[in-house]
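The structure appears below as C-alpha cells.
First the proteins, then the strands, lettered A, B, ... as listed; each starts at 1.
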Protein chains: 2
Amino acid sequence: MIKCIRCCHVHAITKSGIVRGKQRYYCKDCNIYFTLPDVSAADMRQHKKHMTTIVDIAKALNISKSTVSRALHEHSDINPQTRTAVQEMARRLDYQPNLLAKSLVKSKSNTIGIIVPEFLTYFFPTIIMGAQQVAAQAGYNVIICQSQESYQTEVANANVLLANRVDGVLISMTKETRKFDHFKAFEKHGIPVVFFNRVCDEMHTSKVLVNDYEGALKATEHLIKNGYRNIAHIAGPPALLITRNRLSGYRDALEKYKLPFQKELIVHCDLSKKDAIRSAKQLLSMKNRPDAVFCVNDPVAIQLMLVAKKLKITIPSELGIVGFSNEPSGEVIDPALTTVEQPVADIGRSAADILLKAIRQAEDYVPEMKSLQTTLIVRASSGGIGRRNKR
Amino acid sequence: MIKCIRCCHVHAITKSGIVRGKQRYYCKDCNIYFTLPDVSAADMRQHKKHMTTIVDIAKALNISKSTVSRALHEHSDINPQTRTAVQEMARRLDYQPNLLAKSLVKSKSNTIGIIVPEFLTYFFPTIIMGAQQVAAQAGYNVIICQSQESYQTEVANANVLLANRVDGVLISMTKETRKFDHFKAFEKHGIPVVFFNRVCDEMHTSKVLVNDYEGALKATEHLIKNGYRNIAHIAGPPALLITRNRLSGYRDALEKYKLPFQKELIVHCDLSKKDAIRSAKQLLSMKNRPDAVFCVNDPVAIQLMLVAKKLKITIPSELGIVGFSNEPSGEVIDPALTTVEQPVADIGRSAADILLKAIRQAEDYVPEMKSLQTTLIVRASSGGIGRRNKR
DNA sequence: ATGAAAGCGCTAACAA
DNA sequence: TTGTTAGCGCTTTCAT
C-alpha cells in the first residue's frame with residue numbers, strides 16, 4: 001500500500017511510469033507525482049551534526065572566543081573589521097547561539113511559565129495566546145503547564161517551572177488549591193508571579209481579573225431599561241468569585257432602580273448542562289414566572305433558551321435573556337443572545353505585560369491589581385418585553 | 001481607592017476597625033477582612049535568594065559533588081547511607097536541580113517546540129493541549145510559537161526553537177510557506193520534525209493528518225441513503241489540501257451510488273462568513289435547486305442554514321445539510337447540524353507520540369505517516385427528504 | 001582592541 | 001564506594 005506523500009492516503013494512488021529506475025506514483029487527489037524517498041540509516045547518521053559554537057568561529061578566524069562573543073553582541077570596544085568578519089563567519093557557519101548556555105551563565109532563562117487548570121474551553125487557550133504574543137515580542141519563550149484542576153499536579157508544575165529557572169510565572173489556580181507553599185517558593189527565589197482569573201488572596205502579588213461586577217450590573221440594567229421588571233438570576237456555584245461578583249452586580253442594579261430583590265429569583269447552578277436545564281425549568285415553572293433572566297454565562301443562557309422554546313415561551317417578548325462571556329454559539333441561536341463580552345485575550349496580554357515589568361524592575365517592583373472592563377453586546381434575546389422577535 | 005485583595009474591586013469595600021495599628025477593610029462581595037500588606041523594598045530584596053546546588057549539598061555533608069549527583073540519581077554504586085543522607089539534605093535545603101545546566105551538559109533540553117499558524121480557533125489550541133499532555137507525561141516541556149500565517153515569522157520561530165536546542169518539533173505550516181530551508185535546518189542537526197494538518201511534501205518526515213476523504217465520503221453517502229439525490233457541495237479554497245480531499249470524497253460517494261457528478265453543484269468558498277453566505281445564496285437560487293448540501297466545514301454549513309431559513313426552505317425536508325468538524329454551535333442551532341467529527345486532540349497526541357518515538361530512536365527512526373479517522377455525527381439537519389424536522 | 005581565565009551547575013570518565 | 005578532573009557553550013572580569 002503506497003501512501004501519498006502529501007495526503008497520506010491510499011485511495012487515489014496510481015502508478016505512473018519509472019523514473020531513474022524507480023517506480024513513480026501519482027495521487028489524483030493531490031495531483032502530484034512522486035517516487036518513494038529512500039533514506040538509508042547512513043543518510044540519517046550524516047545529519048547528527050555538530051552545531052557551530054563561538055569556538056568554531058574563533059578558530060576559523062584565529063582569534064579568541066571572547067572576541068567573538070563581543071563581536072556578536074555589538075560590544076563597544078571592538079574593531080569594526082573584526083566585528084564584520086565575525087558576523088560574516090557566523091552567517092557562513094550557520095551559527096545559532098546556544099541559549100541554554102547563555103541562560104546558565106546569566107542566570108536568566110528568558111522563559112516564562114504558565115499554569116492553567118485546563119485547556120478544554122476557549123477561555124484559557126485564548127489567554128495563553130495573548131500572553132504568548134506579548135512574551136514573544138519581548139524575546140521570551142512560554143512554557144505551558146496544565147494542572148488539570150489537581151492540587152498535586154499543580155505542585156508538580158510549579159517544580160518543573162522552578163527547575164527550568166523560568167524568569168516569571170503566570171498562574172490561574174485549581175479550584176482545590178488551599179495551600180500555597182508551591183507558589184511562595186517562587187517568591188522566595190525572587191521569581192515574580194502574576195495571578196489571573198483564579199487568584200490567590202494569601203499572596204501579595206499582582207493580579208489580573210475581569211470586572212464581573214460591572215458587567216453584571218450593566219447586563220441587568222439593560223434588562224430593566226428594556227422594560228423587564230421581574231428579573232431572575234441563574235448564578236454559578238457559590239464558592240466561585242465570579243458567582244459572587246456577578247450576583248452582586250445583579251443585586252445592585254435592582255437596588256439602583258428600586259426594584260425588589262427577591263431571593264426566590266436566584267437559582268444556583270453548577271454550570272453543567274444538566275443542572276442548567278434543571279435551573280431553567282425551576283425558574284420557568286414558578287407561579288410568578290420571571291419576565292427576564294440574567295445568566296451567569298452563555299452556555300447556561302443557551303440551555304435556558306432551549307427550555308423556554310420547548311415551553312413555547314416567546315423570547316424576548318415574554319422572556320428576556322442575557323448571558324455572559326460572548327461564546328460563538330450565542331450568535332447562531334435564534335434569537336441571538338445578548339451577552340457580556342470579556343476581553344479574554346487581554347487578560348493574557350495584561351498579565352504578561354505586568355509580569356515582564358516585574359521581571360525587569362526586580363526588587364523595585366510594586367505589585368499591582370488590574371481589573372479589565374467588560375462590554376455589553378446587545379442582540380435580540382433581550383429586545384424588550386411585549387416586543388416580537390424581529391426577523 | 002482601596003481595592004479588595006481578592007477581587008481587585010473598589011465598590012464593596014468598607015473600613016472595619018483598626019488592627020495592630022493598621023486600618024482594616026472589609027469587602028462585602030468577597031466577605032473577607034484584610035489589611036493592606038506593606039512590603040518594603042527591603043523585604044523584597046531578601047527574596048533574591050540563591051538556589052541550592054549540588055555543591056551546597058556536598059559542602060553541607062562534606063563529600064564531593066559527584067557523590068551527590070550519583071546519590072540523587074539512584075546510581076548503582078552508592079552507599080545507601082550516603083544516599084539517604086544526601087536525599088535528606090536535598091529536601092532540607094529545598095534543592096531544585098537546574099535543568100538548564102543538565103541540558104547543557106547532556107545536549108538534551110527535554111523540550112519540544114510547536115509552530116502553529118494561529119491560535120484563534122479551537123482547532124490549534126486543542127491540538128496543542130493534546131501534544132502537551134503527551135509531552136508532559138514523558139517529562140518534556142513544550143515551547144509554543146505562533147507564525148501568524150507569516151512565512152517570515154515562521155522562519156524566526158524556527159530559529160528560536162533551534163537556539164533553545166529543542167529535542168524535536170511539531171509543525172503546521174503557514175499557508176504562504178513555499179521555501180523550507182528553515183525546516184531542513186532541523187533535519188541537518190538531527191532534530192526530528194513531525195508535520196500535522198498542514199504538511200510539507202518536500203520533507204521526508206513524519207506526518208499526521210485527518211482522513212478528510214473518508215469523512216466526506218461518509219457524509220455524502222449518509223445524505224444519499226437518506227433519500228437526497230441532487231446533492232451539492234460547498235468546497236473550500238482550491239489550494240488547500242482539505243478542499244481537494246473532501247471534494248474527492250464527495251465525488252466518489254456520488255460515483256459509488258451512480259449519481260451524476262454535476263459541476264455546477266460545486267461552489268468554492270474562501271471560508272469567510274461573507275463568502276459562505278454568497279455561496280449559499282448561489283446554490284439556493286439555482287433553477288434546479290439542490291435538495292442537499294455537503295459543506296466543507298461547520299461555520300459554512302451554519303451560514304447556509306441561516307440563509308435557507310430566511311428563504312423559508314425547510315430543513316431537512318426540503319434541504320439536507322451536513323457540515324464538517326463538529327463545532328459547538330452545530331448542536332445549538334435548530335435543526336441541529338449533522339457533521340463529521342475530527343479527533344482534534346488526537347492529532348496533537350499522535351504527533352507528539354510519533355515525535356517522542358523519533359527522539360528516542362534517533363538514527364534508527366523511520367518516518368511514518370498517520371491518517372486519523374473521522375466520525376459521522378448524525379443530527380436533525382439531514383433527517384431525510386420530505387420528512388419533517390421533529391421537535 | 002584583544003586574550004586568558006574563571007565560572008554558571010551539572011555529568012561522566014577515570015583514578016583511587 | 002568515592003573523589004578528581006574535564007568539559008557542555010557562554011559571559012565577564014582582569015590583564016595585556
Side-chain angles (χ1 to χ4, degrees), chain A residues 48-87 89-90 93-111 139 162-167 189-190, chain B residues 48-87 89-90 93-111 139 162-167 189-190:
Chain A
K48 233 347 171 334
K49 263 306 257 314
H50 163 77
M51 295 196 78
T52 58
T53 71
I54 51 171
V55 177
D56 298 322
I57 300 178
K59 277 184 187 151
L61 260 43
N62 215 358
I63 54 176
S64 83
K65 61 175 180 175
S66 352
T67 308
V68 174
S69 175
R70 280 188 282 250
L72 257 20
H73 288 84
E74 313 279 348
H75 193 90
S76 51
D77 294 338
I78 187 87
N79 187 323
Q81 280 159 32
T82 50
R83 198 189 54 211
T84 49
V86 166
Q87 291 177 341
M89 184 58 79
L93 297 184
D94 202 22
Y95 170 73
Q96 283 289 348
N98 186 329
L99 261 34
L100 292 173
K102 180 173 179 171
S103 298
L104 182 59
V105 46
K106 302 264 266 192
S107 301
K108 180 153 192 324
S109 61
N110 269 278
T111 299
L162 222 40
N164 279 283
R165 300 298 190 267
V166 292
D167 297 332
H189 298 294
Chain B
K48 234 346 171 337
K49 261 310 252 317
H50 163 80
M51 295 197 76
T52 59
T53 71
I54 51 170
V55 178
D56 298 324
I57 300 177
K59 277 184 186 151
L61 260 42
N62 215 359
I63 56 178
S64 85
K65 60 176 180 173
S66 0
T67 307
V68 174
S69 175
R70 280 188 282 251
L72 257 20
H73 288 85
E74 312 277 350
H75 193 90
S76 49
D77 295 338
I78 187 85
N79 186 324
Q81 279 159 33
T82 49
R83 199 190 53 211
T84 49
V86 166
Q87 291 177 339
M89 184 58 79
L93 296 184
D94 201 21
Y95 170 74
Q96 282 290 346
N98 186 330
L99 261 33
L100 292 174
K102 180 173 178 171
S103 298
L104 182 59
V105 47
K106 303 264 264 190
S107 301
K108 181 155 192 322
S109 61
N110 270 279
T111 298
L162 221 40
N164 279 282
R165 300 297 189 269
V166 291
D167 297 333
H189 298 294

Length of the line joining B:Asp77:CG and D:dG3:P, which is rounded to integer Å: 14 Å
Distance check needed: D:dT1 C1' versus B:Glu74 CD, whole Å only. 16 Å
side-chain contact (heavy atoms from CB on, under 4.5 Å) with A:Ser69: which residues, sequence neighbours excluded? A:His73
Mind checking what makes side chain to side chain donor-acceptor pair (under 3.5 Å) contact with B:Asn164, not counting sequence neighbours? A:Asn141
Tell me what B:Ile63 touches on the nucleic acid: a base, only sugar-phosphate, or nothing, going by heavy atoms under 4.0 Å. sugar-phosphate
Pairs satisfying salt bridge (charged side-chain N to carboxylate O under 4.0 Å, His left out), at least one member in residues 93-105 of chain B, at least two apart: A:Lys188-B:Asp94
Give B:Ser103 one of three labels, base, sugar-phosphate or nothing, depending on what nucleic acid heavy atoms sit under 4.0 Å from its own. nothing
Hey, what do you get for CD1 (A:Ile54) to OG (A:Ser66), rounding to the nearest 0.5 Å? 7.5 Å
By side-chain contact (heavy atoms from CB on, under 4.5 Å) - contacts of B:Glu74 (at least two apart): B:Arg83, B:Gln87
State which residues pass side-chain contact (heavy atoms from CB on, under 4.5 Å) with A:Val105; sequence neighbours excluded, sorted by chain then number. none
Taking any atom closer than 4.0 angstrom to a non-hydrogen atom of chain B, what span of DNA chain C does the protein reach, first nucleotide to last? C:dG9 to C:dA13
Side-chain N or O of B:Thr67 less than 4.0 angstrom from OP1 or OP2 on D:dG3? yes
Where is the tightest heavy-atom contact between A:Ala163 and B:Gln96, given as atom of each residue plus distance? CB-OE1, 4.1 Å
Listed partners of B:Thr67 passing side chain to side chain donor-acceptor pair (under 3.5 Å), at least two apart: B:Ser64
Letter by letter from the 5' end, nucleotides 8-16 of chain D scores (B base, S sugar-phosphate only, - none; protein heavy atoms under 4.0 Å) BBBBBB---
For the helix from C:dA1-D:dT16 to C:dA16-D:dT1, what is the angle between the axes at its two ends, each from 5 pairs, rounded to 10°? 40°
Could I get the full list of salt bridge (Lys or Arg N to Asp or Glu O under 4.0 Å) partners for A:Lys108, not counting sequence neighbours? A:Asp167
Set of side-chain contact (heavy atoms from CB on, under 4.5 Å) partners for A:Ala85, sequence neighbours left out: A:Leu61
